[in-house]
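First comes the structure, then the notes that go with it.
Within every chain, numbering begins at 1; the chains are lettered A, B, ... in the order of the sequence lines, protein sequences first and strands thereafter.
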There are 2 protein chains.
Amino acid sequence: MQRKTIQRQIILDTLKNFSTHPTVDELYLEIQKIHPAISKTTIYRNLRQLAQGGEIGQVALTNDVERYDKRTEHHYHFQCKECKALFDVDVASIQGINEKVEEKHGFQVDEHNILFKGICLRCKKNQ
Amino acid sequence: MQRKTIQRQIILDTLKNFSTHPTVDELYLEIQKIHPAISKTTIYRNLRQLAQGGEIGQVALTNDVERYDKRTEHHYHFQCKECKALFDVDVASIQGINEKVEEKHGFQVDEHNILFKGICLRCKKNQ
DNA sequence: ATTTATGCAAATCATTTGCACATAG
DNA sequence: CTATGTGCAAATGATTTGCATAAAT
């Protein structure tokens, strides 16, 4: 049974206040302001637990540190190749593609994730 | 200027002989049979260089070790949540979705990757 | 001759683990 | 009470780096 600890509550609240997709370190820095004694290990453990329980999201990324997401509904992401910033993509999920892969290969397809890559507006401007 | 070394040639050949998407370690084990003195560092360096030069592919995965791919054309992948095995997905690339994201967000969208997840045939059978 | 590549050992860095202690239920 | 969570330090494990030597052009 999962317990309600001060630490877990702070971690959750802090993530909810981010508009971005923070890394563990970014969360750690914020959380320390409220709870200076917290251990990074605790943050790692709680984030994983919360993500597994579906209370928060975890961003599907390549070759990068973990990033968490307050949004839990399915959505895609865009990452800037220049500054590595991550953005939510507000385009409807592709319908029927999991089924298409199932038919083609016979796998049981539960989900899919899309990561778009390119150059963000800010970096485009600075070029 | 890139040079032609025995090591790079063996690394490339070994990857071409894989039907899967090997990790650096898997490649290392195979390569050692031909060139026992090779260093894993050399393998890391060459794979990265080859991938950057577009001679080989690198699989876009979440929270996993690097995996390389002899195929260089754009294609999607499926990963089994049970055994972690990776498969190529032979479904046509989605057309026009990069443009849709560009229109919606203004980013310059160069590429997208899809990773499907579920249970592979073998694991399905063993359940 | 000069530049690039190799191999080794050591460094990095994110994440995980073991363990003693604290705390929620 | 007793199961779960926390904090610390140490361990892990993949990848990278510094550097002297070797090989390619």
Side-chain angles (χ1 to χ4, degrees), chain A residues 1-15 18 20-69 79 84-86, chain B residues 1-15 18 20-69 79 84-86:
Chain A
M1 180 58 63
Q2 183 168 300
R3 292 179 182 176
K4 192 184 298 181
T5 63
I6 309 161
Q7 289 90 338
R8 176 168 305 133
Q9 198 52 52
I10 296 175
I11 291 167
L12 200 49
D13 290 347
T14 306
L15 175 59
F18 265 87
T20 56
H21 307 78
T23 62
V24 174
D25 256 326
E26 288 166 346
L27 283 163
Y28 180 54
L29 290 174
E30 276 309 303
I31 292 167
Q32 271 192 320
K33 296 178 185 168
I34 300 161
H35 190 315
I38 202 167
S39 158
K40 203 182 282 186
T41 305
T42 299
I43 301 182
Y44 270 105
R45 276 191 284 233
N46 278 291
L47 287 170
R48 184 160 26 135
Q49 194 179 209
L50 290 165
Q52 280 175 348
E55 295 182 71
I56 64 176
Q58 183 170 13
V59 184
L61 272 190
T62 317
N63 299 330
D64 202 352
V65 294
E66 292 178 358
R67 282 173 188 274
Y68 289 89
D69 196 336
Q79 186 167 36
K84 309 297 179 196
L86 244 206
Chain B
M1 180 57 64
Q2 183 168 301
R3 293 179 180 176
K4 192 183 298 180
T5 63
I6 309 161
Q7 288 90 337
R8 175 167 306 131
Q9 197 52 51
I10 294 175
I11 291 167
L12 200 49
D13 290 347
T14 306
L15 175 59
F18 265 87
T20 55
H21 307 78
T23 63
V24 174
D25 256 327
E26 288 167 346
L27 283 162
Y28 180 54
L29 290 174
E30 276 310 303
I31 292 166
Q32 272 191 321
K33 295 178 184 167
I34 299 161
H35 190 314
I38 202 168
S39 159
K40 204 183 280 187
T41 305
T42 299
I43 301 181
Y44 269 104
R45 276 191 285 235
N46 277 291
L47 288 170
R48 180 156 32 130
Q49 193 179 210
L50 290 164
Q52 281 176 347
E55 297 182 71
I56 64 175
Q58 183 170 14
V59 185
L61 273 191
T62 317
N63 299 332
D64 201 353
V65 294
E66 293 178 357
R67 283 173 187 274
Y68 288 89
D69 195 337
Q79 187 168 37
K84 308 298 178 196
L86 245 206

Between [N] ([atom2]) and [X] ([atom1]): distance, integer Å:
X	N	atom1	atom2	value
B:His35	C:dA5	NE2	P	15 Å
B:Asn46	D:dT15	CG	C1'	15 Å
B:Ile11	C:dT6	CD1	P	7 Å
B:Gln9	C:dA5	CD	C1'	15 Å
B:Leu47	C:dA5	CG	C1'	14 Å
B:Tyr28	D:dA14	OH	P	13 Å
B:Ile31	C:dT6	CD1	P	11 Å

Would you say a side-chain N or O of [X] is under 4.0 Å from OP1 or OP2 of [N]?
X	N	value
B:Thr42	C:dA5	no
B:Gln7	D:dA23	no
A:Ser39	D:dT6	no

### Task
Applying side chain to side chain contact (heavy atoms under 4.5 Å, CB included), name anything that partners A:Asp25, two or more places apart in sequence or on another chain.
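In terms of side chain to side chain contact (heavy atoms under 4.5 Å, CB included), with neighbours along the sequence ignored, A:Asp25 is linked to A:Thr23, A:Tyr28, A:Lys40.
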### Task
List the atom of B:Leu86, the atom of B:His21, and the distance in Å for their closest heavy-atom pair.
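B:Leu86 and B:His21 have their closest heavy atoms at O-ND1, 3.7 Å.
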#### Entry: Least distance between heavy atoms, B:Thr14 atom then B:Leu27 atom
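Scanning both residues, the minimum pair turns out to be CG2-CD2, 4.0 Å.
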### Query
Atom CD in A:Gln52, atom CZ in A:Arg48: separation rounded to 0.5 Å?
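Going from CD on A:Gln52 over to CZ on A:Arg48, the span is 6.5 Å.
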### Point-to-point distance, once rounded to the nearest 0.5 Å, from CD1 of A:Ile11 to CG of A:Leu50
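Atom-to-atom, A:Ile11:CD1 and A:Leu50:CG are 7.0 Å apart.
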List, with names and distances, any nitrogen or oxygen atoms from the protein found under 3.5 Å away from nitrogen or oxygen atoms belonging to nucleotides 21-25 of chain C.
{"unit_1": "C:dA24", "atom_1": "N3", "unit_2": "A:Arg3", "atom_2": "NH1", "d": "3.0"}
{"unit_1": "C:dG25", "atom_1": "OP1", "unit_2": "A:Lys4", "atom_2": "N", "d": "3.2"}

Keeping the roles fixed (side chain from [X], backbone from [Y]), state whether a donor-acceptor pair exists under 3.5 Å.
X	Y	result
B:Arg67	B:Val59	no
A:Arg8	A:Arg3	yes
B:Gln79	B:Lys84	yes

## Note on the structure
Heavy-atom contacts, protein to nucleotides 9-17 of chain C, under 4.0 Å, summarised as B (base), S (sugar-phosphate only) or - (none) per nt, yield B----SBBB
### A:Ile34 and its side chain to side chain contact (heavy atoms under 4.5 Å, CB included) partner, picked from A:Ile6, A:Asp13, A:Ile10
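Per the side chain to side chain contact (heavy atoms under 4.5 Å, CB included) rule, the option paired with A:Ile34 is A:Ile10, out of A:Ile6, A:Asp13, A:Ile10.
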